[in-house]
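Chain letters run A, B, ... following the sequence lines, proteins first and then strands; every chain starts at 1.
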There are 2 protein chains.
Amino acid sequence: MVTLAEVAQHAGVSASTVSYVLSGKRSISATTRQRVEQSIRDLGYHPNAGARALASNRSNIIALMIPLRTDMYVPVMMEIAIAVATTARMHGYDVLLLTGEEGPDAVRRVTGSGLADAMILMDVELEDERLPLLRGTDQPSVLIGLPADTTGLTCVDLDWSATGALCVEHLAGLGHRDIAVIGEAPAVYERHTGFAERTLDGLRSRARETGLRVLHRPCEGGYDAMAVTLARILDERPGTTGFVVQNESAVEPLLALLRQQGRAVPEDVSVVAICPDQVAVQASVRLTSVAIPAQEMGRHAVQHLVAKLDGRGSDEVVLIAPELTVRASSGPAPAAS
Amino acid sequence: MVTLAEVAQHAGVSASTVSYVLSGKRSISATTRQRVEQSIRDLGYHPNAGARALASNRSNIIALMIPLRTDMYVPVMMEIAIAVATTARMHGYDVLLLTGEEGPDAVRRVTGSGLADAMILMDVELEDERLPLLRGTDQPSVLIGLPADTTGLTCVDLDWSATGALCVEHLAGLGHRDIAVIGEAPAVYERHTGFAERTLDGLRSRARETGLRVLHRPCEGGYDAMAVTLARILDERPGTTGFVVQNESAVEPLLALLRQQGRAVPEDVSVVAICPDQVAVQASVRLTSVAIPAQEMGRHAVQHLVAKLDGRGSDEVVLIAPELTVRASSGPAPAAS
DNA sequence: AATTGCTGTCGAAGCGCTTCGACAGCCTAT
DNA sequence: ATAGGCTGTCGAAGCGCTTCGACAGCAATT
């Protein structure tokens, strides 16, 4: 293993000079710099991460806590994780992958050991038990998701409430009066995941303003669960002509079932999905949808974190404005019969 | 930040004693041990990762390289990543997430800097350019996936060739004579990803043995692409009664299209999928499928790596035997008309 | 000519841990 | 009684890096 000292010797300078060439924290003459850089290349030198971390008290690692459970939004999680990893690399950071499994202990461990310089938390619940720890440490962090109380925290998220409102507006504008919301699995609501509840709030309050009737039903993914849920909805509100779906794995089953029952999309019923664009485009009917900007959230989170680590940036809540793309699954409400 | 020295002082012993309590590398009397452990708890001590890495030349980190592209198997990747992370934690390791983006450079960087003690590579191509580097270093590694030449490497993978064979056998046993294979996107084959080609090999050679005719068509995911692909297949081989699908995002479109054309599953055509069980169960027809054992692969990979790091274990190729579960999408071939 | 202020480089200290050799104290076998 | 072997603990060295203060050399200012 090549060390700083060996590079220094090879280049005929002192170790500290090599260090300053690497960090740029003091000015170095052009000739010396070049000599050192050449030696680094010749010897194939890579700074030792542990030594660097010990001496500088910086690991150049960002910890990313992803949920262990895979009951929702797997592709979104993955996309965020990848965006975080690539963005972090662009800023010279590596990413440590933590699963939610350890819970608050993971926060303690990472903070205490100096393993990572900062953390990104995903899948934040409204009253998340990791938050007190985060507030009690000076380690920078960013949440992807919005807890109930955001004081002293930095959060990045899609504006779910506005997302819900946007879906309602779109359907209201098309003349629909009775709409059903196919939600995430019941467990997601039970554990008070912010995004699901906020979406619902947004939907409901805009529905109240526009005079729409809303029926909300959580739904496990899959065909069978969707069949049961749909039957119940149509039983309770036969006049339903609009659907908002916030559950990737219910989208295709819903479309299949509607088709099977002879309800044409978008002639008889309209469907608006809240899902990544890719899903909306690949569905059997090109879906009118509000995109979940996974990449953007990941990128934002890292950028905020890096700003904090550089001493810039402060606590703040960034809500990304939702965008609704009209495709082939929504249209005017059928004339009342 | 609490240090070893502070714990030592608090417990009234020397620093080295605390270290030995932590590592267990020398015997310590019960009373001393307890006193030290109590001090650790009292002070909330966590060993500093950088210092430990520097002194012991071990970071207790495993690097996981996941593919950047998301054109295939996202849930599988995610499941593997999570399995890797949880299993690694059980053995006292953390996981560093690297995206394929950096390519071979990432291997050099991690190896050179001592950031990680070992690596797991996913999405291995048949002639992967990272392999020479891996062979040229003494850093342990495990591949998830099988390159063309495995000498000097440890690999874990589903036995894709046997998987292909198994699908053919199942359909052959049901009397099907003409089968079509809906494959991954063309790009997957173009970059010579092992699993796709091996599956095809397994399919074809068993088809030869059992006298089946096989038509293979790569297919982008989604409804539109599937529609085109299916039309071509039925045009070329109208007598096709069996389908093998190795592309998650083509499964549901295929089922929808068959339904739409009045071909009943499994009465008229049989469908066998190669996908995670969850997908098979959630589809609109419960699918006969060969499961992709994502968790098992991740777990295996970590276990091998840990064995190597402990000085046990050696290079070896582990192929997981495929298992076909019969569900509702396959049945006897219709009588020839 | 003397002072001041840069710029570029160096030496040394120290980050918090692991680990090696030393050794005190005790028990067992001669 | 003595040598030898354990067991449990300690001190010190050192891992490879960053960073602080020092300072030599030179240019610009008085």
Answer with yes or no whether [X] presents, from its side chain, a donor or acceptor under 3.5 Å of a partner atom in the base of [N].
| X | N | value |
| --- | --- | --- |
| Tyr20(B) | dC20(C) | yes |
| Arg26(A) | dT9(C) | yes |
| Ser16(B) | dG11(D) | yes |

Protein-nucleotide distance ([X], atom [atom1]; [N], atom [atom2]), rounded to Å:
| X | N | atom1 | atom2 | answer |
| --- | --- | --- | --- | --- |
| Arg33(A) | dT9(C) | CZ | C1' | 13 Å |
| Leu4(A) | dG11(C) | CG | P | 14 Å |
| Leu22(A) | dT18(D) | CG | C1' | 11 Å |
| Gln34(B) | dG8(D) | CD | C1' | 15 Å |
| Leu115(A) | dG16(C) | CG | P | 16 Å |
| Asn60(A) | dC17(D) | CG | C1' | 13 Å |

Any base atoms under 4.0 Å from [X], or only sugar-phosphate, or nothing? Heavy atoms, all strands.
| X | value |
| --- | --- |
| Thr3(B) | sugar-phosphate |
| Thr32(B) | sugar-phosphate |
| Ile28(A) | sugar-phosphate |
| Leu54(B) | base |

From C-beta outward on [X], which listed nucleotide comes closest to its side chain: [options]?
| X | options | value |
| --- | --- | --- |
| Ser56(B) | dT9(D), dT19(C), dT9(C) | dT19(C) |
| Ser19(B) | dT19(D), dC15(C), dT18(C) | dT18(C) |
| Ala55(A) | dG21(C), dT18(C), dG14(C) | dG14(C) |
| Ser29(A) | dT9(C), dC17(D), dG16(C) | dT9(C) |
| Ser27(B) | dT9(C), dT7(D), dT18(C) | dT7(D) |
| Thr17(A) | dC17(D), dA12(D), dC10(C) | dC10(C) |

Donor-acceptor pair between [X] and [Y] side chains, under 3.5 angstrom:
| X | Y | value |
| --- | --- | --- |
| Thr17(B) | Ser14(B) | yes |
| Tyr93(B) | Arg58(B) | yes |
| Thr111(A) | Gln139(A) | yes |
| Arg35(B) | Gln38(B) | no |
| His46(B) | Ser113(A) | no |

Residue mapping more 5' on DNA chain D - nearest nucleotide basis, Val13(B) or Ala51(A):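 Per heavy-atom nearest nucleotide, the more 5' residue is Val13(B).
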
Are any of Arg52(B)'s side-chain N or O atoms less than 4.0 Å away from OP1 or OP2 of dT18(C)?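 It does, given that an N or O in the side chain of Arg52(B) lies less than 4.0 Å from OP1 or OP2 of dT18(C).
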
Ignoring backbone atoms, establish whether Lys25(B) has a side-chain N or O less than 4.0 Å from OP1 or OP2 of dT19(C).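 Answer yes for this pair, as a side-chain N or O of Lys25(B) is under 4.0 Å from OP1 or OP2.
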
So, for Tyr45(A) and Leu4(A), which heavy atoms are closest and what is the spacing to 0.1 Å?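 Minimum heavy-atom separation between Tyr45(A) and Leu4(A): CE1-N, 3.5 Å.
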
